[in-house]
Q: 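My structure is below; once you've seen it, I'll send some questions.
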Amino acid sequence: MVQMLKVKILENKQVLPDFFRMVLAAPMVAKEAVPGQFLMINTSDTLDPFLKRPISVNRIDQEKGTISLIYQIVGKGTRLLTKKNAGEEIQIIGPLGKGFCWSEQDKTIVLVGGGCGIAPLVALAEALVQTGKEVFVLLGSQCKEKLLGEDEFKELGCTVMVATDDGSYGRRGFVTELLDELSQKKRIDQVYCCGPLPMTKAVVQITKKAFIPCQISLEERMGCGIGACIGCVTKVRREDGTIDYKKVCHDGPVFTSSEVVFDD
Amino acid sequence: MINLSVEIAGIKFKNPVMVASGCYGFGREFSNFYDLNLLGAIMVKGLTLEPRIGNPPPRIAETPAGMLNSVGLQNPGVEGFIKNELPWLKQYDVPVIANINGHSYEEFAEITDRLAGVSGISALEVNISCPNVKNGGMFFGTDPVMAGEVVKRVRAKTDLPLIVKLSPNVTDIAEIAKAVEAAGADAVSLINTVLAMAIDIKTRRPALSNVVGGLSGPAVKPLAVRMVWQVAQAVSVPIIGMGGIAKAEDAIEFFLAGANAVAIGAANLSNPMVAVEVIDGLKMWLEQEKIEDIQHLVGGVII
């Protein structure tokens with residue numbers, strides 16, 4: 001069940017130049033959360049910033065009762081979040097949204113992540129590895145210094161490949177090139193993608209051409225995070241072919257790629 | 001014993017705290033957080049005759065102590081509401097107020113006709129103030145003659161109490177309030193959102209795809225209090241005050257300005273528990289101040 005709770009911060013540390021990791025003691029949330037879901041986080045007890053911030057779940061540890069989040073500093077709210085100390089309490093709502101889903105038959109899985117979109121794929125990789133699937137992880141980043149999560153994926157036993165814009169690490173170029181190549185070499189049962197919109201669009205194109213099912217996690221500016229304000233919508237095609245807007249916070253953030261309509 | 005109950009347009013509300021249209025969907029999302037029976041009333045998401053898919057994203061932009069929205073009345077249409085949302089709402093013992101919208105006088109009349117005989121609706125809130133739809137909405141609420149005409153057309157179609165939701169995007173809100181009172185409004189609610197704009201200086205583009213949108217949240221509260229006070233001087237029908245209420249003290253300002261009841265809008269989005277917190281906070285405040293009936297506060301501002 002979705003709850004609004006005050007939970008204790010166990011850790012709030014910088015992990016990369018613009019990224020922080022926050023670990024929360026939240027046993028109830030850890031028990032229910034699935035990879036791809038998110039929390040709404042209160043960044044301030046004042047009225048400014050007014051709205052909570054949506055942050056995706058990075059790791060779920062049911063045994064310890066903890067939830068790990070990775071957030072990027074993008075504005076006033078996330079900057080305030082970096083000032084919180086371990087031991088303090090913070091108000092959250094969650095777990096929210098529809099996460100990734102997988103089927104037993106799928107054997108070979110590819111995760112494609114870029115920027116802070118890599119964060120939720122770690123929890124997904126962990127769950128997939130536990131069910132015995134072979135997991136390839138393709139990561140995109142501007143440069144080596146801004147690459148998230150590589151070690152975590154390796155520790156989980158995933159095969160990791162990296163592309164950087166400046167060639168400072170791995171392949172110079174786009175992560176989508178790695179996907180294109182891999183899809184020609186290997187039979188892939190399912191692709192999961194989370195990252196910047198241009199990357200997501202390219203992944204959707206490649207998987208469509210190769211007839212690989214693909215789930216994408218989308219980002220949109222949110223008001224409430226619980227489905228009430230209808231602020232964070234994305235364009236979808238209904239079964240009858242007509243256009244509709246679905247709520248990213250409630251109907252997503254994970255969507256089947258074929259459902260979403262991308263404007264150029 | 002503190003009395004929080006209030007009667008407006010013949011409807012008894014167990015307390016004077018309602019949830020405002022457009023910030024509460026049809027209530028389902030909030031039922032995860034508390035028992036909706038605690039509320040004074042639910043003003044549902046704005047309804048139109050036909051379903052509307054609304055405006056393209058981005059529809060939301062945060063601004064200092066507030067937010068802009070340009071949702072554009074995305075809603076399942078009046079039939080979808082009657083079929084899929086109202087039966088669910090009926091399980092609660094809370095007055096449901098249907099917020100109605102139209103592009104023309106005829107559309108206002110038709111949607112009223114459709115809702116008139118339906119059980120489970122306590123009142124209509126006639127929205128002549130939505131800033132996010134073209135050809136209609138706020139257009140009707142900025143001219144006293146047109147505002148009065150909408151109310152007359154709606155009045156002719158139903159005996160349900162009519163609450164007319166006023167726009168703040170006018171020079172003289174009291175004039176509009178007087179016109180709708182004369183046309184048969186049983187109460188007025190105010191304010192709707194304030195027409196506003198924000199620009200992303202990096203991309204040099206408007207923060208909203210609709211370019212402009214409605215500002216709500218704590219930032220608009222002083223403006224709303226002023227307008228409630230002005231309207232209270234001008235009309236004798238009850239007033240439902242809203243605009244930036246996020247805690248009990250905010251609501252008390254509205255009562256002092258002349259509101260008989262209040263509604264909570266944007267704060268529901270930042271804190272889903274806010275309505276219950278305001279109801280509890282009002283009780284505590286009245287106990288502390290030794291005021292027995294919340295209606296004793298109405299219009300109590302000392303000038």
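Convention: sequence-line order gives letters A, B, ...; per-chain numbering from 1. These numbers were taken from a predicted model, which means no experiment stands behind them.
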Q: When heavy-atom pairs shorter than 4.5 Å are enumerated against chain A, which of G25(B), G66(B), C23(B) gives the highest number?
A: G66(B)

Q: Can you give me the closest heavy-atom contact between V71(B) and C229(A), atom names plus distance?
A: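 V71(B) and C229(A) have their closest heavy atoms at CG2-O, 3.4 Å.
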
Q: Measure M40(A) against the heavy atoms of chain B and call it side chain, backbone, both or neither at under 4.5 Å.
A: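 Neither the backbone nor the side chain of M40(A) comes within 4.5 Å of chain B.
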
Q: For F19(A), what residues pass the ring pair (Phe, Tyr, Trp, His ring centres under 6.0 Å) criterion, not counting sequence neighbours?
A: none

Q: So does K84(A) have more than 12 non-hydrogen atoms from other groups sitting under 6.0 Å from NZ?
A: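 Atom NZ in K84(A) is packed in, count exceeds 12.
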
Q: Inter-chain polar pairs, chain A versus chain B: which donor-acceptor atoms lie under 3.5 Å apart?
A:
unit_1	atom_1	unit_2	atom_2	d
D48(A)	OD1	A65(B)	N	3.3
F50(A)	N	E62(B)	OE2	3.1
L51(A)	N	E62(B)	OE2	2.7
K52(A)	NZ	S270(B)	O	2.6
R53(A)	NH1	E62(B)	OE1	3.3
R53(A)	NH1	E62(B)	OE2	3.3
R53(A)	NH2	E62(B)	OE1	2.5
R221(A)	NH1	I60(B)	O	2.7
R221(A)	NH1	A207(B)	O	2.8
R221(A)	NH2	A207(B)	O	3.1
I230(A)	O	R59(B)	NH1	2.8
Y245(A)	O	Q74(B)	NE2	3.3

Q: Given that the side chain runs from C-beta out, which part of A61(B) has a heavy atom under 4.5 Å from chain A: side chain, backbone, both or neither?
A: both

Q: For P56(B), is it the side chain, the backbone, both, or neither that has a heavy atom closer than 4.5 Å to a heavy atom of chain A?
A: both

Q: Evaluate whether atom CD1 of I243(A) has more than 12 neighbouring non-hydrogen atoms of other residues, nucleotides or ligands under 6.0 angstrom away.
A: yes

Q: Contact part of I93(A) toward chain B, heavy-atom cut-off under 4.5 Å: side chain, backbone, both or neither?
A: side chain

Q: Hey, are the side chains of V2(A) and F33(B) touching, using non-hydrogen atoms and a 4.5 Å cut-off?
A: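 They are in contact (side-chain heavy atoms under 4.5 Å apart), so the answer is yes.
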
Q: So which residue, G77(A), G75(A), C224(A), P49(A), ends up with the most heavy-atom pairs under 4.5 Å with chain B?
A: C224(A)

Q: What part of F30(B) gets within 4.5 angstrom of chain A, counting heavy atoms only: side chain, backbone, both, or neither?
A: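 F30(B) touches chain A through side-chain heavy atoms alone.
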
